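Contents: one structure, followed by commentary.
All ligand and atom numbering here is 1-based and tracks the order in the structure. In this text, all values refer to a predicted model and were calculated from it rather than measured experimentally. Scope of the values below: all heavy atoms of this structure, side chains included, with no hydrogens, waters or symmetry mates.
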Amino acid sequence: MEHLIADIDIIEPTQTAVSCEVKISKDAGLPGKKLYIESYGCQMNFSDSEIVTSILQKEGYSTTDTIENADLVLLNTCSIREKAELTVRKRLIAFNKIKSNNPGMTIGILGCMAERLKAQLLEEEHIVDLVVGPDAYRDLPNLVKNAEEGQKGVNTFLSREETYADISPIRLNSNGVTAFISIMRGCDNMCSFCVVPFTRGRERSRDPQSIISEAQDLFSKGYREVTLLGQNVDSYKWSADENNKARINKLKISEVINFAHLLKLVAQIDPDLRVRFSTSHPKDITDEVLHTIRDFENICKYIHLPAQSGNSRVLALMNRTYNRDWYINRVDAIRRILGEECGISSDMITGFCSETEPDHKDTLSLMDYVQYDFSYMFFYSERPGTLAAKNYPDDIPLEIKKRRLQEIITKQNEISLHRNQLDLGKVFKVLIEGKSKRSDEHLQGRTSSNKVVVFKDDKHMKGQYVTVTINDCTSATLLGDLTE
Ligand code: SAH
Ligand code: SF4
Ligand code: F3S
């Protein structure tokens with residue numbers, strides 16, 4: 001799973017990100033204007049690009065993966081670490097050349113960097129015509145039209161209600177088997193290192209009926225796996241009057257749908273539809289959710305449970321609102337209710353403000369305790385405006401941050417290999433996602449616990465379930481044979 005373990009230079013994949021960039025589908029060959037969109041950052045951004053494409057398709061835009069042919073170029077950006085923003089700045093330099101050959105092209109910045117920097121982006125990057133934050137995409141047609149008439153525009157209004165519930169996303173770069181469904185937006189936690197609450201605004205949950213309809217529609221089109229997305233899925237909460245939270249207490253409990261209930265509703269659509277979710281927050285994940293996962297075969301036995309650090313003092317400075325013991329208690333609950341085979345992964349940050357060598361050792365020992373299947377690992381990058389930037393000096397030298405990062409990466413590789421070796425000889429149900437990169441004779445899919453399995457097969461196709469016996473592995477992949 002090389003792509004899942006960020007090394008020092010490959011820093012940008014976040015929770016469920018599978019690549020740093022997506023170019024949208026091939027030229028549709030339709031008349032009218034052409035849209036080219038690139039996405040960076042987390043899966044929420046990739047999901048938003050599908051909403052943006054849907055909004056613009058209604059305006060007559062078709063998609064292209066050739067930037068030179070585009071009338072409208074959109075970059076959906078990420079601010080999570082400094083490097084994420086630098087990547088976008090570099091991309092804009094490349095766009096300069098392309099635009100000089102195509103002066104009619106409109107260039108827009110969407111997403112978290114747009115929200116963080118607002119009109120400043122127009123001043124700093126002259127090539128940019130539009131700056132549009134994550135809650136303002138419905139205004140895109142209007143902003144694009146004005147830009148075409150020479151009027152640059154900014155809309156970074158953050159909403160307390162917007163969930164784009166009524167918009168059917170246009171799936172981009174899809175394998176036709178797995179898809180993401182956004183179930184909530186924003187984040188109300190204030191982890192001190194994190195820019196997301198500032199770029200995505202207040203947390204709000206999407207109408208469950210629209211989530212279920214979207215999953216049903218995907219299933220009817222042949223999709224066999226949906227991943228429910230939110231920054232903190234465990235705090236999903238919807239009532240008939242969600243926008244007036246004060247009234248929730250007056251409602252009967254059955255009228256309020258929590259995450260466990262939502263999971264159940266989606267799992268009941270069809271036993272052949274796998275359900276995944278991301279991200280779980282250690283402070284909020286409940287035994288009720290774990291029991292629901294246990295009770296449905298099609299809810300995948302895999303939990304992304306970012307720890308960030310294994311040291312309680314650092315966790316307090318990070319404002320994660322749990323300590324090491326609490327985290328371990330949640331992991332023990334997962335093992336007790338879902339068993340040893342349940343996949344667990346994490347996000348880790350090295351070199352957070354004031355982190356000492358013993359604090360860092362606590363992160364390594366937590367990794368030993370939990371036995372993560374994989375982790376996304378980063379060194380701390382101070383973000384302007386966050387609580388940490390305001391209150392704590394960024395005092396760990398870069399070489400030390402990087403050395404500690406390398407140590408946790410090495411540890412994770414060892415643990416991932418060990419976890420995979422435990423699967424040798426076992427039989428797993430695998431959902432086929434497509435051909436393997438290694439050869440046309442091999443297919444690849446995933447186990448319920450989210451491990452990639454490669455096996456030789458010329459009989460089945462993507463979207464089908466098969467059983468595979470594991471006979472070899474690397475730290476990244478299980479290799480096996482079809483079980484007759
Ligand atoms: N909502 C998710 C995380 C979203 S951001 C959660 O709470 O777990 C994805 C990951 O990026 C975080 O888990 C964290 O490990 C990392 N990250 C966020 N801000 C960072 C920063 N300032 N420097 C380095 N890594 C950061
Ligand atoms: Fe950021 Fe914390 Fe919210 Fe995750 S839970 S998005 S790390 S503030
Ligand atoms: Fe996601 Fe990056 Fe924004 S991780 S929420 S795109 S800051």
Starting from [atom], locate the nearest protein heavy atom and write down its residue, its atom name and how far away it is, to 0.1 Å.
atom                    : result
atom 1 (Fe) of ligand 2 : Cys194 SG, 2.3 Å
atom 5 (S) of ligand 2  : Asn189 ND2, 3.4 Å
atom 3 (Fe) of ligand 2 : Cys187 SG, 2.3 Å

Side chain, backbone, both or neither: the part of Met44 lying under 4.0 Å from ligand 3 by heavy atom: neither
For ligand 3, the portion of Cys78 having any non-hydrogen atom under 4.0 Å away: both
Residue portion contacting ligand 2 (non-hydrogen atoms closer than 4.0 Å) for Pro306: neither
Residue portion contacting ligand 2 (non-hydrogen atoms closer than 4.0 Å) for Cys191: both
For [X] and ligand 3, answer yes if some heavy atom of the residue is under 4.0 Å from a ligand atom, otherwise no.
X      : result
Met113 : no
Gly111 : no
Arg200 : yes

Between [X] and ligand 1, which residue portion shows a heavy-atom distance shorter than 4.0 Å: side chain, backbone, both, or neither?
X      : answer
Phe193 : both
Pro306 : side chain
Ile80  : both
Arg383 : side chain
Glu382 : neither

Residue Ser79 vicinity, atoms of ligand 3 by number, heavy atom under 4.0 Å: 2 (Fe), 7 (S)
For Asn45, atoms of ligand 3 separated by under 4.0 Å from a heavy atom: 6 (S)
Metal check, atom 3 (Fe) of ligand 3 vs Cys42 N/O/S, cut-off below 2.8 Å: no
Donor-acceptor contact below 3.5 Å, side chain [X] vs main chain [Y]:
X      : Y      : value
Arg404 : Gly351 : no
Asn298 : Leu273 : yes
Lys152 : His126 : yes

Numbering as shown, the atoms of ligand 2 that approach Pro197 to under 4.0 Å (heavy-atom distance): 8 (S)
Those atoms of ligand 2 less than 4.0 Å from some heavy atom in Arg320: 2 (Fe), 7 (S)
Pick from Val196, Asp347, Thr279, Val233: the one approaching atom 9 (C) of ligand 1 most closely through a non-hydrogen atom: Asp347
For Arg81, the ligand 1 atoms whose distance to one of its heavy atoms is below 4.0 Å: 11 (O), 16 (C), 17 (N), 23 (N), 24 (C), 25 (N), 26 (C)
Which of the ligand 1 atoms, numbered from 1, are nearer than 4.0 Å to a heavy atom of Phe378: 11 (O), 15 (O), 16 (C), 25 (N)
Min heavy-atom dist Arg200 to ligand 2 below 4.0 Å: no
Glu38 with Arg91: basic N within carboxylate O range, under 4.0 Å: yes
Nearest heavy-atom neighbours spanning Asp234 and His281: OD2-N, 3.0 Å
Phe379 to ligand 1, any heavy atom closer than 4.0 Å: yes
